[in-house]
Amino acid sequence: MSKIIVVGGNHAGTAAINTMLDNYKGNQVVVFERNTNVSFLGCGMALWIGNQIDGSDGLFYSDKQKMEAKGAVVHMQTEVTNIDFDKKVVTAKNAQGQTITENYDKLILATGSNPIIPDLPGSKLKNIQQVKLFQDAQSVIDKLKMEDIRSVAVIGAGYIGVELAEAFKRHNKKTTLIDVAETCLPVYYDGEFTELMKKNMEDNGVELKFGACVEGFEGDEKVQRVLTSKGSVDADMVIWAVGFRPNTALAKDKLECFKNGAYLVNLKQETSVKDVYAIGDCATVYDNALGAVNYIALATNAVRSGIIAAHNACGTAIESVGVQGSNAISIFGLNMISTGLTLNKAKAAGIDADCTDYEDFQRALFMRTNEKVKIRIVFEKKSRRIIGAQLVSRLDVSMGIHMFSLAIQERVTIDKLKLLDIFFLPHFNQPYNYITMAALKAPNA
């Protein structure tokens, strides 16, 4: 019987806790969570804020009571203040100011990530905030009901920023999306795809201010303007969405870390200290497309890492198969999906890569309803192995990306796709479908 402490109870932590409680009944599981809740699906925040779902209840899939019913000891609103890795002791302080000390046999760190909030002139003005936790989203929803919140500026045009811009526009707020880059979503898509999202957002009334560096804020107690290198933007509320950094302050001086500060882990989620595991946004992953250790903060990666760490901590040796960073976004009906590396990212990483593009209608041309699909498959020139794929359509073509994710994991070549057995039915695709046609168009070696 082992005593296993889990620090952090969101996606990665919850996955680890449930895996241990459901599969290994003999162990003692102790949980420390600094928030008032666990398992919050932050990926649904923009839908909640934008009134696209009915309330927030469905955004939670576990809680303290469910974990305790399975046998865990759960300390909510309790901040871990110190870990003695030599003596295997965790020290924490709860909301009442009481100090709690627990020893452990195994330790799983699931401390997640923190929003990047630059300290700029005027950044302490009211109505400038982050959106990561449940409480953050509730605060935004409450403020949107106020008559004096007429315009909103979102800083950062990654996934969260773009989703929030849509949400605010659905409230008929004057919405401006600001980013220092010249486009949106460049981490996941090449320019031919990001241009489609830019146009989609402009067509739906979102004002874009790209290539603009935020320099500060102005206002009288409450924010009124965002100051940028390309002029000011009027805003009654400002949302920071410029990204996240791993929350590793607790043990960064004791555990080996990646270049961005994330805990370095192996395929078993083990850190550089014996019996200590790290999972989720505070830890690295093995990137199959890149063929190297990387940092990809996604809820799906977090859940898998939690499951792997739980089994290993309980004595069942399993390893991660690596990740591809598969992801998707749907904004004003435009669906974009990607996995692996973009062509730009592949070249930036020093990979001699090429791509093949194809665009056509999804269904047979005689179908009454139809939409186009655009696809890009990225591959390494020498080996011909697939290292990335991007899709965009107003139809749901998302399931196709799973095949490309597996292809990257298993090092499938672009040439293997040319005669792949892909079914045909007019409701779904064409006899010469876009995947086959893109593969056939790939430049020869």
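Worth knowing before you read on, the calculation uses all heavy atoms, side chains too, and leaves out hydrogens, waters and symmetry mates. Source: prediction; values computed, not measured.
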Say you draw a straight line from [atom1] of [X] to [atom2] of [Y]; how long is it, rounded to the nearest 0.5 Å?
X	Y	atom1	atom2	value
Q269	I308	CD	CD1	5.5 Å
L185	I331	CG	CD1	8.0 Å
K374	M336	NZ	CE	10.5 Å
I375	Q362	CD1	CD	10.0 Å
T91	D84	OG1	CG	8.0 Å

**OP:** Mark yes when over 12 heavy atoms from residues, nucleotides or ligands other than K64 sit less than 6.0 Å from its NZ; otherwise mark no.
**Re:** yes
**OP:** State yes or no: are the ring centers of F60 and W48 separated by less than 6.0 Å?
**Re:** no
Original post:
So do L109 and L255 actually touch side chain to side chain, heavy atoms under 4.5 Å?
Top reply: yes
Original post:
Any side-chain heavy atom of S320 sitting closer than 4.5 Å to one from R304?
Top reply: no
**OP:** Mind telling me whether Y24 and H311 have parallel, tilted or perpendicular rings, with 30° and 60° as the class edges?
**Re:** perpendicular
Original post:
Using the ring of each side chain (for Trp, its six-membered ring), is H75 parallel, tilted or perpendicular to F32, with breaks at 30° and 60°?
Top reply: parallel
Original post:
Who passes side-chain hydrogen bond (donor to acceptor under 3.5 Å, both in side chains) against S113, sequence neighbours left out?
Top reply: K132, D281
**OP:** Flag the pair D234 and K174 as a salt bridge only when some basic side-chain nitrogen lies within less than 4.0 angstrom of an acidic carboxylate oxygen.
**Re:** no
Original post:
Have S338 and N327 got a donor and an acceptor in their side chains that come within less than 3.5 Å?
Top reply: yes
